[in-house]
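Note that ligands are numbered from 1 as they come in the structure, with each ligand's atoms numbered from 1 the same way.
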Amino acid sequence: MAGNIASSAINNALDGFSFVLLIPFLNALFGQSLLPQQKGWLTTLLDATLGRLLDPADKMGSLRTVILIILATVALKNIFVWTAGTLGAQLQEYVTRDLRDAVYQHLMRLPIGYFTRTKVGQIISRILSDTDQTKLLITAVVTDAVNAGTAVLVQVVVLLRISWRLTLLALVVAPILTLVLQPLLRRLRKGYRELRNDLGEMTSVLQESVSGVRLVKSYGAEQYEERRFLEASGTYSGGMVRMARVALIGQPITETLGAVIVVLLLWFGAREVLLNGSLQASEFLVFIAIVMKLLQPMKKLSQLPAVAQNAFASAERLFDVLDSPTEAATDRGTRAIASFGDAMAFEDVSFAYENEPVLEHVSFRATKGDVLAFVGASGAGKSTLVDLIPRFYEPTSGRITLDGIDLREITLPSLRALTGIVSQETVIFNDTVRNNIAYGSAARFSDAQVETAARAANAHAFIAELPQGYATPLGERGARLSGGQRQRIAIARALLLDPPILILDEATSALDTESERLVQEAIDRLLEGRTVFVIAHRLSTIAHATEILVLDRGRVVERGTHESLLAKRGAYHRLNDMQFRAREPDASSVPGA
Ligand code: ADP
């Protein structure tokens, strides 16, 4: 920034000087003595730089000298124009990068709640587009303002020297401009904020329809999605056009005002030259030339706020992310726990998302090695319940304890190191098989360990058949793997990390019998020796469960083992009839089913 400011100052000083050099040139032309008659620093400067090179007797020779010096000055000036530009570009790109990185780093540390509240498209447009718009703040405010500002400064100093009265007249334009443009700027700020939002909406539609393209196609919803996108796209462009219309009013206003001022100057200046003789014709010409030139940076300065409004609107959206407290910032836990001793318990836990109760007075206890299964209609609160275990959310009332310690007292990283999750949506990252299994800690595990985990998850066989084995990159969202294979990768991931507490959200989608068997075997191995909380759909997992809790609208309505619950012929029995018998053809292998 310092380099940019210094280079801008130097190039504008040289620029002003090249104009001042016209005074002796014009004087030579008009047959007058070369240096200006009024005493002052301008005359001293010209005398110091040109004085010795000029020969009053040799007019043509002097002219040639002046021209050569003007050329040299302009060349030198342009070297600094380039330097200032390069440094400005670096400043702006690297500040944008830092901003983008900071927002991303902060984003990843925000609590789950933020992500369920905010659309993915809005998040993406913040990271990619808003950081880029904020860049304008640096281009506009730092680079352009410094450049235009020093230009105005140098030129005004020269103008003041030539004639302070005319200069004051020329400068009246500035306050008038500011006043006239104020309401315009307010409009712009508001409009741009809406525009950024519109862009986020458009990104959302795009993101949803691309990631759900299978659904779109199978439901023949192309036209529906198209309409949604065209609408969002139209809204955005319409807003852009409206904003441009407002922003462009600034230009004609500035031009017209400028023209009025120049005409006034011509009139009063001519009087000074012709009637009063207080100004030389050469000085007046240079004065007018500089004033015309002054309009350019003045205009830039007056438009700065308009440009900045756009950037401010984006910056607000960025700071909305940056100002959201991270999990670490709100974590009051101070106790780091190294291991899971003997039990986890929910003690009269209730939970509500923004006033809407989802769990009510849930209590249970899982001792080490237990498998607790949660069943219930969708929307009953099963996912919410297991989300409380790694503290994605905290109970609204009641408490959850781990070996008698309230979860809220335990530091988040140490709690999460003890819990593993295998969820319905098996996320496969755009990386190699090996790194997908050793996700997030590739360096911590040896190839042998990764392979052992894959074998236990029944995944080794199909991985070995991939073109590059464990080094095979998995495409966008693991598209090259079947559903069952993806599940087994996810299971291998959990096996490798070997957490003492496991949350298992079983997939509901049916697999073919062979896949089903391989996945089930893998799950059985995964459950061994762990304390497991499972959102259960598979009959065999349920049959082995230590205790089954039946949830209905956030309450535990029944609890017990598979057999005891079936014998009750209550809610579980009904659920079982509806859900499990239909899916599992060999239900007879499960006792009591
Ligand atoms: P299940 O897993 O049993 O299907 P969930 O725990 O997903 O049930 O949902 C329980 C209830 O909480 C539902 O009524 C659902 O609409 C609501 N819910 C889930 N997630 C959120 C959220 N992030 N914000 C507000 N309400 C939610």
Practice item. Output all residues satisfying side-chain hydrogen bond (donor to acceptor under 3.5 Å, both in side chains) with Thr411, sequence neighbours left out; order by chain, then residue number. Key: Ser414
Practice item. May I have all residue pairs that pass ring pair (Phe, Tyr, Trp, His ring centres under 6.0 Å) and include part of residues 365-409, sequence neighbours excluded? Key: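 Counting only pairs at least two positions apart or across chains, the ring pair (Phe, Tyr, Trp, His ring centres under 6.0 Å) contacts touching residues 365-409 are Phe351-Tyr393, Tyr353-Tyr393, Phe364-Phe374.
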Just to confirm my output: which protein heavy-atom neighbour is closest to [atom], and how far is it?
atom	value
atom 6 (O) of ligand 1	Thr384 OG1, 2.4 Å
atom 1 (P) of ligand 1	Gly379 N, 3.4 Å
atom 2 (O) of ligand 1	Ser383 OG, 2.5 Å
atom 26 (N) of ligand 1	Tyr353 CD1, 3.2 Å
atom 12 (O) of ligand 1	Val358 CG2, 3.4 Å

Practice item. Return yes when at least one protein heavy atom is under 4.0 Å from atom 15 (C) of ligand 1, and no when none is. Key: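 It does not; no protein heavy atom is within 4.0 Å.
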Check your understanding: Do protein heavy atoms approach atom 8 (O) of ligand 1 to less than 4.0 Å?
Key -> yes
Exercise for review: With His460 as reference, evaluate Arg455, Glu465, Arg488 under the side-chain hydrogen bond (donor to acceptor under 3.5 Å, both in side chains) test and give the passing residue.
Suggested key: Arg455
Check your understanding: Out of Arg196, Gln122, Arg228, which residue meets the side-chain hydrogen bond (donor to acceptor under 3.5 Å, both in side chains) rule with Glu201?
Key ->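 Of the listed options, the one satisfying the test is Gln122.
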Study note, to complete from the structure: Near Gly381 (heavy-atom distance under 4.0 Å), the atoms of ligand 1 are 1 (P), 3 (O), 5 (P), 6 (O), 8 (O), 10 (C)
Check your understanding: Hey, is Lys135 close enough to Asp132 for a salt bridge, meaning N to O under 4.0 Å?
Key ->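 A salt bridge is present here (some side-chain N lies under 4.0 Å from a carboxylate O).
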**Study point:** 4.0 Å heavy-atom contact, Gly376 with ligand 1
**Key:** no
Point to revise | Identified salt bridge (charged side-chain N to carboxylate O under 4.0 Å, His left out) partner of Glu409 from the options Arg332, Arg391, Arg335 | key: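 Between Glu409 and the candidates, salt bridge (charged side-chain N to carboxylate O under 4.0 Å, His left out) is satisfied uniquely by Arg335.
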**Study point:** Over 12 foreign heavy atoms within 6.0 Å of CZ, Phe462
**Key:** yes
